[in-house]
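What you see is a predicted model; the values in this text were computed from it and never measured.
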Amino acid sequence: MTNQTPNFYALLIGINFYFPHRLPEGNYYKNLRGCVQDINHVETYLKDTFNLTPDQIIKLTATASDNPNQPQEPPELLPTYENIVTQFKELTAKAQPQDRVYIHYSGHGGRAKTIFESLKGSMGLDEALVPCDIGQPNSRYLRDLEFAKLLEEMVAKELVVTLVLDSCHSGGATREMSGDDRIRGEGFIDMTLRPTDSLVAPLQELAQNWQSSTENSRNITVVNGLLPEPKGYTLIAACRDQEFAYEKVFEGTERNGALTYYLLKALRKYGTEIAVENLFNQISNLVHTDFDRQTPMLIGETNRTFLGGQSVVASRNPPVMKVDITKNRVQLQMGEASGLKKGAEFDIFRFGTRNFEDSEQRIATVKVVELGASDCWAEVTMLHNEFRTRELHPKLREGIIEIGSPAVYVGPPLEQIRKVRVLLPDPLPQIPGVDVSSLPAMLESQKEEVENHSWIEFCPQTEKDENVNYFVSVTSQGEYLILDAKKEPIKNVLFPIKVDAPEAAKKLINRLIHITIYHNRWELDNEDAFSRLNGQLKVELVQSVKRQRVILNVDGKVPVLEKGAEDITLVIHNESTRTLNITALIFDMDFRILQIYPKGANYEVVDPKQERTEPLKLSLPENYEEGVNVIKVFATVDATNYHLWELPALDQDLQGRMAEVVTKASNEWTTEKVEYVLR
């Protein structure tokens, strides 16, 4: 137990009991059975861990009693709309800048006719959290714009906010639920006419706050419309829009929400200093293993510890999703849609590892044997350190590899390795102190000392030109030159490397590795002619001209744009009949790869026949005057993480390393790209 922490506050809301008033259409919110238990366990954990005093924990709960019309708690402690808003505001007023605030909600989520018609239109809907007394016609939802404003006020005061929503936070998440009482949500849209005022702020102020929060992302929202793009807080949500948030009996006879149960289990084991992304990688995969229709989401400020403000470097490595001891293999969250091929190798490290140069943290080496669209199965080929055995074929045992353990990309399969040949000029340039004729042998010998060296292979002078991907030559000025397969200089490599400069060979090899990874990812495409998703994703560069959309890349045209051009928008259309997870990456002219959409989340859930828009701010990297950029948009059916693909600019250190199928993998993903020249 630590000393009392006066700068930590918690707002805990759990609703099992909903007043049994039917809505005009005959719908109602059924009682739940695990939400109050969630909150009680969270309260106990926080008290035990941080020694919090009663004034640091605000708890609003509604527990069923013997009276079907009345909960156990007194009115002032019930999670009604009025009480929830009041406690949000009181907590914000009490806390001081840099204080930590934890908010946990377990209950129903829902949708209702909007009270913001000027913003959403007369047919618009509000996503909402559902207070316990919503069955009464004069009661109010805590609506999306209000919730966003309450959080924005906390962020504006520089509070360190962590939020967990263990609910079906969108009415859309409850389609086809078939009366399953394990699900926290209902499938209807509440059209009841309700009060149109707000206790949070005037409606106009709420609308202005929402618009300013989304002005750089147009209609993009996360948590399925409940919140705009998150800035300044960390959010773990129970599920995606089209999914369910489940509760069940995990231990004994008591029900708990799946997200809350696994969250507390991990926190008790690893503490709160764990990186939030590591924590999420474990609990999300445990939840998804239990309920295949529930995929938690991590959104917002992810490069920090859970419940704390300390910054940590996010791991760019896919986590272990499942461990199959009987088949001696693990499932990794990376698949065909990320360019993975059979034969790729990974090192599995202990859960929570941050320094992947520490070989003592390495558990096993695995090789990919089976590919899905967003995941793969990899067979254990070697165990390391204390797990090593004398057996010819290493076998997993219970507890060796934990769910969420990072998998570090070791080497690509043969088809992704790029061949390099040193093409010496004739006559050889004279460089003082350098035997130019020995460069081929010297470069090959030094390659093994460079991290990620397995991406490239130096081939002999006898290798046919058509088998070579890159050539390395030396100019008359004594500088290394990288050429493409046509023996043309690679474009946009601005700064020469002098052959006689310190660590020149290492710098050259790192460039070749970087360019190889960049080109492999650039060229990734779903080449299956029978893939059901191919052709169902449309990507446009659009300019607004006199309120009209002008498509700039029509018929494959590569537009030429000027630096700083305004009113350029990326428009992504999901023309399929499936809900897709959308991510957009930019392949910059300085060999940088960066996720540009969505911000603050790994992907955006886009329903069938819907579109998303992202305004583009066009800028040239330093020292560049013109070049070709490519925006690649990926669509997957299952959750994936393209942050793993990000690369820094050329010559900057790579942060870390890359990282029975029933459905054909190629039917579960697709990609489209748009190119433009920027001056």
Side-chain angles (χ1 to χ4, degrees), residues 315-318 334 338-349 353 355-359 361-362 364-368 378 381-382 384 406-424 438-461 463 467-474 480-485 490 493 495 497 499 501-524 591-593 644-659:
S315 170
R316 292 299 185 229
N317 300 296
M334 194 176 199
S338 296
L340 203 60
K341 304 286 186 181
K342 288 184 180 179
E345 290 189 314
F346 291 84
D347 278 342
I348 308 297
F349 282 74
T353 297
N355 177 16
F356 298 108
E357 300 303 316
D358 184 359
S359 61
Q361 300 300 311
R362 188 171 55 162
T365 298
V366 299
K367 179 180 287 188
V368 174
T381 58
M382 186 178 298
H384 302 283
V408 176
Y409 199 67
V410 175
L414 292 177
E415 59 264 38
Q416 288 187 315
I417 297 173
R418 302 265 171 153
K419 290 189 175 183
V420 182
R421 195 174 85 203
V422 180
L423 192 65
L424 294 178
S438 67
L439 287 180
M442 184 271 291
L443 289 171
E444 185 166 4
S445 66
Q446 292 205 15
K447 178 179 84 81
E448 302 300 318
E449 302 175 11
V450 178
E451 190 177 11
N452 300 305
H453 63 81
S454 57
W455 281 98
I456 62 171
E457 174 186 293
F458 283 102
C459 53
Q461 300 299 312
E463 186 74 55
N467 297 331
V468 179
N469 302 105
Y470 305 118
F471 295 90
V472 171
S473 189
V474 179
Y480 281 119
L481 183 64
I482 301 177
L483 310 173
D484 62 20
I490 297 284
V493 180
F495 303 105
I497 299 174
V499 175
E503 297 190 313
K506 181 179 178 181
K507 292 177 181 177
L508 172 70
I509 293 167
N510 274 320
R511 276 192 179 180
L512 288 164
I513 293 167
H514 192 124
I515 292 170
T516 292
I517 295 173
Y518 181 89
H519 284 158
N520 270 324
R521 295 175 183 177
W522 173 315
E523 294 168 5
L524 176 64
F591 297 93
R592 184 194 316 263
I593 303 177
L644 306 172
W645 263 37
E646 291 183 318
L647 283 176
L650 193 64
D651 296 330
Q652 294 182 16
D653 289 339
L654 299 176
Q655 297 299 313
R657 288 167 280 187
M658 241 189 73

Going through the checks in order, is the side chain to side chain contact (heavy atoms under 4.5 Å, CB included) test met by Y470 and I456?
CA-CA 10 Å; Y470 305 118; I456 62 171; 5.6 Å; no
Could you pull out the closest heavy-atom pair between [X] and [Y], with the gap in Å?
| X | Y | result |
| --- | --- | --- |
| N317 | A407 | CB-O, 3.4 Å |
| R418 | N469 | CA-OD1, 3.3 Å |
| H514 | Q652 | ND1-O, 4.5 Å |
| L340 | V368 | CD2-CG2, 4.0 Å |
| G411 | S454 | CA-OG, 3.4 Å |
| K367 | T381 | CB-CG2, 4.0 Å |

Short side-chain donor-acceptor distance under 3.5 Å, H384 and T365
yes
From [X] [atom1] over to [Y] [atom2], what is the distance, rounded to the nearest 0.5 angstrom?
| X | Y | atom1 | atom2 | answer |
| --- | --- | --- | --- | --- |
| L524 | K341 | CG | NZ | 7.0 Å |
| I513 | K447 | CD1 | NZ | 7.5 Å |
| R362 | F349 | CZ | CZ | 6.5 Å |

With a 4.5 Å cut-off on side-chain heavy atoms, are [Y] and [X] touching?
| X | Y | result |
| --- | --- | --- |
| K506 | E449 | no |
| L512 | Y480 | no |
| R592 | E646 | no |
| V422 | L443 | yes |

Can you confirm if the aromatic rings of W455 and Y409 lie within a centre distance of less than 6.0 Å?
yes
One pair to check against side chain to side chain contact (heavy atoms under 4.5 Å, CB included): F591 and L647. What are the steps and the verdict?
CA-CA 8 Å; F591 297 93; L647 283 176; over 6 Å; no
Before accepting this row, confirm whether a basic side-chain N of the pair R511/D651 lies closer than 4.0 Å to the acidic partner's carboxylate O.
yes
Applying the side chain to side chain contact (heavy atoms under 4.5 Å, CB included) criterion to I482, which one of V420, I490, I497 satisfies it?
I490
